[in-house]
Amino acid sequence: MNEPRKLFVKSFGCQMNVYDSRRMADTLAPQGYVETSAADDADLVILNTCDIREKAAEKVYSELGRVRRLKETAAAEGRRVVIAVAGCVAQAEGAEIIRRAPAVDLVFGPQSYHRLPQLLARAEREGKAVDTEFPLDDKFDHLAAPSSATIRARGVSAFVTVQEGCDKFCTFCVVPYTRGSEVSRPVRKILAEIERLAQAGVREVTLIGQNVNAYHGEGSNGRPRSLAQLLEEVSTIDDIDRLRYTTSHPRDMDDDLIAAHRDLPKLMPQLHLPVQSGSDRILAAMNRGHTREDYIDICARLRGARPDLALTSDFIVGFPGESEEDFAATLELVRKIGFSGAFSFKYSARPGTPGAEMSDQIDEDIKSERLQRLQAEIDRQREAFNHRCLSRTFDVLFEKPGRHGGQLVGRSPYLQPVQVSAPASLLGAVAAVTITEVASNSLFGALAQAPAREPDLLGAGA
Ligand code: SAM
Ligand code: SF4
């Protein structure tokens, strides 16, 4: 038998890339590839890239410098290492990557990863291969399923892509160009994938998509089903205890989805709902299709449906034309809503997007200063939220052993990591925990005597 070949995949960026990387590894497993966590041991290195901000894209080139040296060392030992660049930078830059980094053998976009075995064969035959097409066939139909052992090794919480791409064209964003237009997977295929995960021990599933709440996949009656309907169907799978979904757009937060937060006990009380800015003028320039008031109204209705809902968001500071007054409106919105956390970024002009062509670009120094002020407010809210959890009892899903013996780390319903002294037999199980200590971003707890009770108004404004 041939020696197994070793595969090293490095994911940059979002959860969709983490999911894609796993599916690439699954697709290569029948070809004899075994994953390794050591790049210098690998026969095939795949960098699964992110193009969302300039910094993310540039990281790929510095990583390619390191990988090139690995390839040279291996070649000196008589061993061939194949270097592949996948994901959104591959889609955006195509053959340019090989021009800038000639050590790269293969470049392929997010819609081609099911063709990986053929592409590798082509790179072997022709020296180099580039594939950035948007094929008509459904890549999910051609992907190999992971084995039960692989699923177990990946843990009790899993991502499942249900929707891909985006038709919204926010003026700052490359996603519609790199991931293509919105496509939803049929309900039947998603349920089959989740059932397989559940049989192998997965207890929590996060449905993911660039625009997950725009989901409109085909249902069993041949008609489109909404994300609320999909969540309802997934929640009937017995062994799945917890459900989440990300990332949502405020425009697609419909009444049914809001009601799902009230009606589906398995749906966790945490929602990532990016708003980007608190200024109507900037929201319009970003082509977000919602106002500040719309966002406030949606959050109020969500909290009406699920009073302990913890909200997180994304913000961009220094979008072209953002005045101090616009930025103040963002800070004011943050104070009004009260988040349990948020990601915030300096605007990064992406080639090919309308934002990059706008004339009133903001100075880097101003962006940095605004980012600092926004992050200080968000940090304050995160800590306040964490402190409100002190002495509360809620369910924790134990995911892995802790740093110290006799300790496990799990996740609260609000997605915070919680460290608990607990027996290893609880790994993969949900148990009630009382929070005994809060240290900045970490919660510590003890197994509770009484079952968990829904905490009151954890999600209320800071
Ligand atoms: N689809 C989601 C939405 O509509 O909010 C998010 C997609 S994007 C992968 C994740 C985040 O990256 C965005 O919410 C935004 O805050 C940030 N982002 C996207 N383009 C950016 C840019 N050009 N500069 C800075 N941040 C950006
Ligand atoms: Fe990008 Fe906007 Fe689409 Fe989100 S909704 S992926 S930010 S274009």
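Whatever order the structure lists ligands and atoms in, that order sets their numbers, starting from 1.
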Would Lys346 and Glu364 pass as an ion pair if we require N to O under 4.0 Å?
yes
Go through the steps to decide whether Glu54 and Arg350 satisfy the test salt bridge (Lys or Arg N to Asp or Glu O under 4.0 Å), and finish with yes or no.
CA-CA 7 Å; Glu54 191 183 355; Arg350 306 308 295 126; 5.2 Å; no
Would Arg100 pass as a cation-pi partner of Tyr61, given that its NZ or CZ must be under 6.0 Å from the six-membered ring centre and within 45 degrees of the axis?
yes
Where ligand 2 meets Phe172 - atom numbers and elements under 4.0 angstrom, heavy-atom basis
7 (S)
Are Tyr215 and His249, when compared by the centres of their aromatic rings, separated by less than 6.0 Å?
no
Can you pull every nitrogen or oxygen pair between ligand 1 and the protein closer than 3.5 angstrom?
| residue | atom | partner | partner atom | Å |
| --- | --- | --- | --- | --- |
| ligand 1 | 1 (N) | Gln210 | O | 2.7 |
| ligand 1 | 4 (O) | Arg288 | NH1 | 3.2 |
| ligand 1 | 5 (O) | Gln276 | NE2 | 3.2 |
| ligand 1 | 12 (O) | Arg53 | NH1 | 3.2 |
| ligand 1 | 14 (O) | Gln276 | NE2 | 2.7 |
| ligand 1 | 14 (O) | Asp314 | OD2 | 2.6 |
| ligand 1 | 16 (O) | Gln276 | OE1 | 2.7 |
| ligand 1 | 18 (N) | Arg53 | NH1 | 3.4 |
| ligand 1 | 23 (N) | Phe172 | O | 2.9 |
| ligand 1 | 23 (N) | Ser348 | O | 2.8 |
| ligand 1 | 24 (N) | Ser348 | N | 3.0 |
| ligand 1 | 26 (N) | Arg53 | NH1 | 3.2 |

Any chance you could lay out the salt bridge (Lys or Arg N to Asp or Glu O under 4.0 Å) test for Arg122 and Asp105, step after step, and finish with the verdict?
CA-CA 10 Å; Arg122 202 168 100 204; Asp105 303 285; over 6 Å; no
Quick one about Glu377 and Gln381 (side-chain donor to acceptor, distance below 3.5 Å, no hydrogens or angles considered), yes or no?
yes
Out of the candidates Phe327, Phe339, Tyr295, Phe172, only one should pair with Phe315 under the ring-ring contact (aromatic ring centres under 6.0 Å, His included) rule; please name it.
Phe339
Have a look around atom 3 (Fe) of ligand 2 and list protein N/O/S atoms under 2.8 Å, or say none.
Cys166 SG
Proximity of Phe319 and Phe345 rings by center, below 6.0 Å
no
Are Asp308 and Tyr414 close enough that a side-chain donor and a side-chain acceptor fall under 3.5 Å?
yes
Glu322 side chain to Ser279 side chain, donor-acceptor N/O pair below 3.5 angstrom
no
